[in-house]
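Accompanying notes for the structure given below.
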Amino acid sequence: MRHIAIVGSGPAGYYTAEAAQKRWGDGIRVDIIDRLPVPYGLIRSGVAPDHQSIKAVYRRYEAVNLADNVRFVGNVCVGPDVTIAELATMYDAVVLATGAPHDRKLDIPGGDLPGVVGSAAFVGWYNGHPEFADLDPPLSGPGAVVIGNGNVALDVARILAKSRAEFHGSDISNHAIDALEHSGIVRVSILGRRGPHQIAMTPKELGELGHLERAQPLVDPADLPEVEADALLEPGMRKSVTHLREFAAADATGKPVTLDFDFFAAPVAIEGDGRAERVIVERTALDRDLRSVGTGETYAIPANLVVSAIGYQTPPIEGVPYEHGRGRFANVEGRVLPGLYVVGWARRGPSGTIGTNRPDGYGIVERIAEDWGDAASGGKKGRPALDELLAQRGADVTTFRDWQKIEAAENARAREGSPREKFVRVEDMLAARTQSP
Ligand code: NAP
């Protein structure tokens, strides 16, 4: 018997568990550890609540967890409850699948004023993550600024623009849908420090903006390159840019909210009297390497909500080699130290779709198999050793069965048309273990 501990129960963690299950069958025991009492990481707390078809992948992870050789160990925080060094004494392999839950810092003057929030916090707020449920972002409007030209910036802008009715079928948290319903925001400026050909937005997500009930996307035609230049783009990017061209060509619809794409616009400061009131933006141009260079021309965009969606990073863990510049664990093809591996965003940085983590998870299992060679057992104790240690420390562990009870309670309390209403307090999650059937 071999034992693997996976730290983090998001997509990368579950694909790794699935791959181990397929590779070794009953010869493996996998424990998936998460600091929250509930599984699925980014699927639960990161994927947009109005993208339920993407979230449905959790059914696949559930199937992994229904087999005896994979166990969910929730409400256990690596660090205070158990260290990586301790896990290494108990498991033949430890895999870090901790994702990239922290925001890259917006390093400009005023970047820490109240009203400036990172996308991890804002997304966590509307998705009911316990750490961010109390964020209470300023939504009085009329202006908001979203910094970044990736898919997360699109998610944030779309959520700010939707009507209550448009959230039908989503699992956006009640506190967020109620606050957004009373939002006074009528202009969301989406700042890209480069141009339309340098966006990191995918066509499906960008196209959605063209069908919003009460908001119209606006693109200044002067920002678009000559249409012939689109032929040089790869097909997905060409489709995205085609959407931008459609937005630029569209007539005014009179919808009350505008989503203003502001290209060649780098934020250089955020100003205000004790809170964010305006973003100072510098016009940029592209150099020969397509990097943005300031032109010296500046202007101000009034906004008391500024969401910085400029990418994420992995929080370091004591004793684990870390690449500070790239915000991820130092690794060679997922190998960190003997017996310690990393997978997903914690390995390669925050890029790619949920599905990108599948080959990542399968790949790391192959590397573990190579390192184990032909030896049948590593002589480590696995589960019983972890259980003993956690019991000594008084940890209140949640099992997969507990999660199923929490899930049933969340489903039962959902508002009409919504699949679930998540508990946003850890204590409420823990209490639901005993309340539901
Ligand atoms: P991202 O795709 O890396 O985009 C980050 C954006 O921030 C880029 O436009 C970047 O511009 C900009 N940026 C970085 N530093 C900046 C700065 N200092 N000032 C101004 N702008 C700055 O990151 P993301 O949007 O967080 O997405 C993370 C990953 O999740 C991506 O792979 C994304 O596709 C994926 N995702 C997918 C979906 C979906 O499929 N529905 C939804 C959400 C997220 P430069 O290009 O100039 O650096």
Answer yes or no: is there a side-chain heavy-atom contact under 4.5 Å between [X] and [Y]?
| X | Y | answer |
| --- | --- | --- |
| I108 | I270 | yes |
| V306 | V117 | no |
| V30 | N69 | no |
| Y341 | V365 | no |
| I33 | L87 | yes |
| V397 | N75 | no |
| I190 | M201 | yes |
| T353 | N151 | no |

Answer yes or no: is there a donor N or O on one side and an acceptor on the other, between the side chain of [X] and the main chain of [Y], under 3.5 Å?
| X | Y | result |
| --- | --- | --- |
| E388 | A385 | no |
| D178 | A176 | no |
| K422 | N127 | yes |
| S170 | I172 | yes |
| E323 | R326 | no |
| R413 | E421 | yes |
| D262 | A265 | no |
| D360 | G344 | yes |
| S189 | V145 | no |
| Q216 | L259 | no |

Please determine if [X] forms a cation-pi arrangement with [Y], meaning its NZ or CZ atom is less than 6.0 Å from the six-membered ring centre and no more than 45° off the ring axis.
| X | Y | value |
| --- | --- | --- |
| R44 | Y14 | no |
| R358 | Y362 | yes |
| R2 | W24 | no |

Between [Y] and [X], does any NZ, NE, NH1 or NH2 come within less than 4.0 Å of an OD or OE carboxylate oxygen?
| X | Y | answer |
| --- | --- | --- |
| E370 | R335 | yes |
| K239 | D230 | no |
| E205 | R158 | no |
| R415 | D171 | no |

> Yes or no on side chain to side chain donor-acceptor pair (under 3.5 Å) for H243 and E208, after CA distance, side-chain angles and deciding distance?
Replying inline: CA-CA 10 Å; H243 283 306; E208 276 180 79; over 6 Å; no
>> Tell me if the aromatic rings of Y61 and Y15 count as close, with their centers under 6.0 Å from one another.
In response: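 So the answer is yes for these two rings.
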> Would Q198 and N149 count as a side chain to side chain donor-acceptor pair (under 3.5 Å) if you check the C-alpha gap in whole Å, the side-chain angles of each, and the deciding distance to 0.1 Å?
Replying inline: CA-CA 8 Å; Q198 285 75 41; N149 268 183; over 6 Å; no
> Do we see a donor-acceptor contact under 3.5 Å between the side chains of D103 and S308?
Replying inline: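 Absent: no donor and acceptor within the cut-off.
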>> Looking only at the side chains, is there a donor atom on one of S119 and Y312 sitting less than 3.5 Å from an acceptor on the other?
In response: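 Per modelled atom types, S119 and Y312 side chains form a pair under 3.5 Å.
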> For the salt bridge (Lys or Arg N to Asp or Glu O under 4.0 Å) test, which of R393, K381, R71 pairs with D387?
Replying inline: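 For D387, the salt bridge (Lys or Arg N to Asp or Glu O under 4.0 Å) test succeeds with only one of R393, K381, R71, which is R71.
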> Which residue, R164, R214, K162, forms the salt bridge (Lys or Arg N to Asp or Glu O under 4.0 Å) with E181?
Replying inline: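 When salt bridge (Lys or Arg N to Asp or Glu O under 4.0 Å) is applied between E181 and each of R164, R214, K162, only R164 qualifies.
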> Who passes ring pair (Phe, Tyr, Trp, His ring centres under 6.0 Å) against H129, sequence neighbours left out?
Replying inline: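 For H129, the residues satisfying ring pair (Phe, Tyr, Trp, His ring centres under 6.0 Å) (neighbours in sequence not counted) are F132.
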> Minimum heavy-atom separation for W125 to A133, with atom names?
Replying inline: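 Smallest interatomic distance, heavy atoms only, reads CD1-O, 3.6 Å.
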